[in-house]
There are 2 protein chains.
Amino acid sequence: MSVVAKAVDLLGHFSREAPEIGLSELCRLAGRDKATTYRHLSALEGLGFVEQNPATKNYRIGPAVLPLAELREATVPRRDGADAPLRALAETTQETAHVAVLSGQALHRLIACESVAHSTRAVVDLQQLPLHATASGLAALAFGPADLMAAATAQLTAFTAHTVTTAEALKARVAQARQTGFAVSPRGYEDGIHSLAVPAFDQSGQLAGTVAVACVASRMTPELERRIQRGLVQASREITHNWGGTVPDPLEALWRLALPLCTQKELAR
Amino acid sequence: MSVVAKAVDLLGHFSREAPEIGLSELCRLAGRDKATTYRHLSALEGLGFVEQNPATKNYRIGPAVLPLAELREATVPRRDGADAPLRALAETTQETAHVAVLSGQALHRLIACESVAHSTRAVVDLQQLPLHATASGLAALAFGPADLMAAATAQLTAFTAHTVTTAEALKARVAQARQTGFAVSPRGYEDGIHSLAVPAFDQSGQLAGTVAVACVASRMTPELERRIQRGLVQASREITHNWGGTVPDPLEALWRLALPLCTQKELAR
DNA sequence: CAATACGGGTTCAATAATTGAACCGATCAG
DNA sequence: CTGATCGGTTCAATTATTGAACCCGTATTG
């Protein structure tokens with residue numbers, strides 16, 4: 001693991017729930033030495049990636065990420081295209097919806113959108129989604145480039161008792177996703193969370209990202225699952241369209257088969 | 001210079017003009033070894049900070065910066081507060097306007113807004129603004145924390161023949177800015193560019209950033225300078241207000257003195 | 001009000017990571 | 001075919017990273 005990775009990993013511990021973190025706490029979270037963590041933070045501070053709250057001495061994300069994000073959006077304007085459909089998805093499902101994008105062999109969170117309908121809800125605070133343990137990852141494996149499977153099987157970390165940890169089991173899950181058109185990861189990454197995901201595509205016709213709903217497991221019912229699937233399909237179609245792509249016909253066929261009760265408008269596409 | 005800094009410096013070479021850069025070209029731009037640059041890029045790619053265009057093998061800014069920027073905005077929503085006033089400033093001055101924020105001892109670009117009125121215009125592609133050579137930097141030195149001066153004099157790089165390169169000359173410029181309420185850097189960073197800047201403040205009452213207009217030098221007239229000054233004052237007031245701060249009374253007094261013809265509405269504040 | 005625990009920040013020798021010249025195969029222009 | 005340029009790789013030399021121990025200021029506590 002390079003220093004760059006170690007330093008940047010620190011950034012991943014900041015979240016909406018913990019937007020400012022002190023040195024010692026960050027050491028514990030990162031599981032690293034205090035001196036090392038301090039030097040990494042200092043380096044990041046010099047670059048503007050973090051800054052210190054002068055009052056509390058706590059660290060928080062710095063301003064240097066803003067022009068980079070602006071440039072990213074100007075170069076590859078994905079977020080804009082995903083934003084509105086995602087909000088609609090969170091609205092209709094009343095659960096947390098999120099979109100991730102594939103970059104190389106890794107799946108990175110692009111946006112998360114939490115529904116405010118329930119007091120308990122899933123929180124997606126990961127930057128990078130494990131391929132084998134999340135619905136998004138399974139969707140990427142099932143509908144994305146073939147070489148992803150190698151990257152996934154190389155690191156089958158067990159996050160819960162339900163996490164898939166063998167190559168065989170993973171292949172079975174992926175096959176199931178290919179058959180049904182939906183990737184599911186029941187309690188695979190977090191114990192109380194049941195996730196469903198579908199792929200999204202860009203102008204190249206290849207998988208560019210995934211759309212997922214992370215649902216509080218205890219609320220899951222067959223009826224809710226239907227609603228989530230319907231929402232996912234609609235969101236994926238819209239996001240794919242906004243990204244300049246089209247959903248492959250075989251996948252569209254699967255979705256139509258799985259959701260016979262979808263509206264006439266959707267069928268008309 | 002730490003590896004982290006070297007790696008992240010690579011990100012600074014991407015711009016709206018060069019959103020995708022190949023390995024060799026980036027080596028030349030960064031002035032570093034090809035193997036090193038490649039490893040740095042690979043590390044950044046693993047973190048999602050850059051990605052490769054699969055078609056051209058060129059590198060571009062990756063998606064990992066997006067959630068970080070989102071979080072930054074959620075933690076310290078500066079950009080939102082600066083956006084609208086900056087557009088107005090670019091509109092009234094017909095020149096390029098930009099806002100930078102102070103983080104530690106460094107001034108980082110937050111937004112730039114180019115007016116489309118002229119075919120030639122200034123382009124602000126810096127991530128970090130040198131304190132001694134830009135109007136923004138001088139504004140920060142004049143109205144920001146005292147310890148900035150030490151950081152500025154430590155690195156008096158000459159960018160043009162007009163750049164201030166002695167501590168004495170720098171002090172004189174800063175004193176002038178303190179007296180007039182406006183920082184000016186005529187051709188200090190780029191030869192054809194004449195810049196003016198004023199400070200902006202946040203809820204702590206301290207300088208939080210700067211507002212500047214970078215003007216094509218050949219267009220500069222006393223009349224245009226007046227218009228720019230008036231625009232800067234208005235923008236700084238609005239941005240400072242949006243950031244939860246207030247412009248210090250002594251500075252407001254200087255501005256009123258310098259701009260006797262400002263509108264009644266502005267005087268009413 | 002000592003005693004103490006915990007916060008951020010620093011030091012220095014041991015060590016593990018970074019470095020870059022040279023090299024490889026592919027591609028392209030002349 | 002030749003030479004130039006591209007992205008990517010190798011390996012020994014070296015350089016920067018590492019972390020236990022330490023410092024100081026400030027809450028917390030019995």
Side-chain angles (χ1 to χ4, degrees), chain A residues 1-14 18-62 75 103-106 145 147 150-151 154 204, chain B residues 1-14 18-62 75 103-106 145 147 150-151 154 204:
Chain A
M1 196 184 210
S2 73
V3 232
V4 188
K6 287 181 198 164
V8 172
D9 268 354
L10 294 176
L11 299 176
H13 291 100
F14 295 92
E20 300 199 353
I21 309 181
L23 172 59
S24 298
E25 196 181 346
L26 200 48
C27 288
R28 271 178 256 116
L29 289 171
R32 265 194 292 276
D33 185 83
K34 191 167 59 166
T36 305
T37 306
Y38 176 67
R39 260 173 286 115
H40 288 166
L41 280 172
S42 300
L44 291 172
E45 190 179 17
L47 298 161
F49 275 68
V50 302
E51 69 179 14
Q52 265 189 306
N53 183 333
T56 62
K57 297 235 170 192
N58 284 353
Y59 293 86
R60 62 185 177 208
I61 300 292
T75 311
S103 177
Q105 311 247 58
D147 58 351
S204 72
Chain B
M1 196 184 211
S2 73
V3 230
V4 188
K6 287 182 198 164
V8 172
D9 267 355
L10 294 175
L11 299 176
H13 292 99
F14 295 92
E20 300 199 353
I21 309 181
L23 173 59
S24 298
E25 197 180 346
L26 200 48
C27 289
R28 270 179 257 117
L29 290 170
R32 265 194 291 276
D33 186 82
K34 191 166 58 166
T36 305
T37 306
Y38 176 67
R39 264 185 317 252
H40 289 165
L41 280 172
S42 299
L44 291 173
E45 189 179 18
L47 298 161
F49 275 68
V50 302
E51 69 179 13
Q52 265 188 305
N53 183 332
T56 62
K57 297 236 170 192
N58 284 353
Y59 293 86
R60 62 186 177 208
I61 299 292
T75 311
S103 177
Q105 312 247 57
D147 59 350
S204 73

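Any value given below was found using the heavy atoms of this structure, including those in side chains, with hydrogens, waters and symmetry copies removed. Here is the naming used below: chain letters follow the sequence lines, and residue numbers restart at 1 for every chain.
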Note to self: Tell me the interatomic distance from A:Leu29, atom CG, to C:dG7, atom P, rounded to whole angstroms.
What the structure shows: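 In whole Å, C:dG7 P and A:Leu29 CG are 12 Å from each other.
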
Of all the nucleotides listed ([options]), which has the minimum atom distance to the side chain of [X]?
| X | options | result |
| --- | --- | --- |
| B:Thr36 | C:dG8, C:dC23, C:dT19 | C:dT19 |
| A:Ser2 | D:dG8, D:dC6, C:dT18 | C:dT18 |
| A:Leu23 | C:dG8, D:dG7, C:dG7 | C:dG8 |
| B:Ala35 | C:dG8, C:dT19, D:dT10 | D:dT10 |
| B:Val3 | D:dA20, D:dG7, C:dT19 | C:dT19 |
| B:Asp33 | D:dA20, C:dG8, C:dA21 | C:dA21 |

Margin query: Taking donor-acceptor contacts at under 3.5 Å, does the side chain of B:Lys34 reach the base of D:dG8?
Written below: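 Looking at the base of D:dG8, it does pair with a donor or acceptor on the side chain of B:Lys34 (distance under 3.5 Å).
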
Check: Heavy atoms under 4.0 Å, any strand shown: does B:Gln52 hit a base, just sugar-phosphate, or nothing?
Finding: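 Sugar-phosphate contact only - B:Gln52 comes under 4.0 Å of backbone atoms but never of a base.
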
Margin query: Under 4.0 Å, heavy atoms only, any strand: does B:Arg32 hit a base, just the sugar-phosphate, or nothing?
Written below: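 No contact.
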
Margin query: Need to verify one output field. Residue with the more 5' nearest nucleotide on DNA chain C, A:Tyr59 or A:Lys6?
Written below: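 The 5'-side residue here is A:Tyr59.
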
Margin query: Please give me the minimum heavy-atom distance between B:Ser24 and B:Lys34, naming the atom from each residue.
Written below: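 Scanning both residues, the minimum pair turns out to be OG-CD, 4.5 Å.
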
Next item on the list: Taking B:Arg32 for its side chain and B:Lys6 for its backbone only, find out whether a donor-acceptor pair lies under 3.5 Å.
Entry: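 At least one qualifying donor-acceptor pair exists.
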
Margin query: Just to verify, which of B:Asn58, B:Val50, B:Leu41 counts as forming a side-chain contact (heavy atoms from CB on, under 4.5 Å) with B:Leu26?
Written below: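 When side-chain contact (heavy atoms from CB on, under 4.5 Å) is applied between B:Leu26 and each of B:Asn58, B:Val50, B:Leu41, only B:Leu41 qualifies.
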
Check: Starting at the 5' end of DNA chain D and moving along, which residue's nearest nucleotide shows up first, B:Thr56 or B:Arg39?
Finding: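 The answer here is B:Thr56.
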
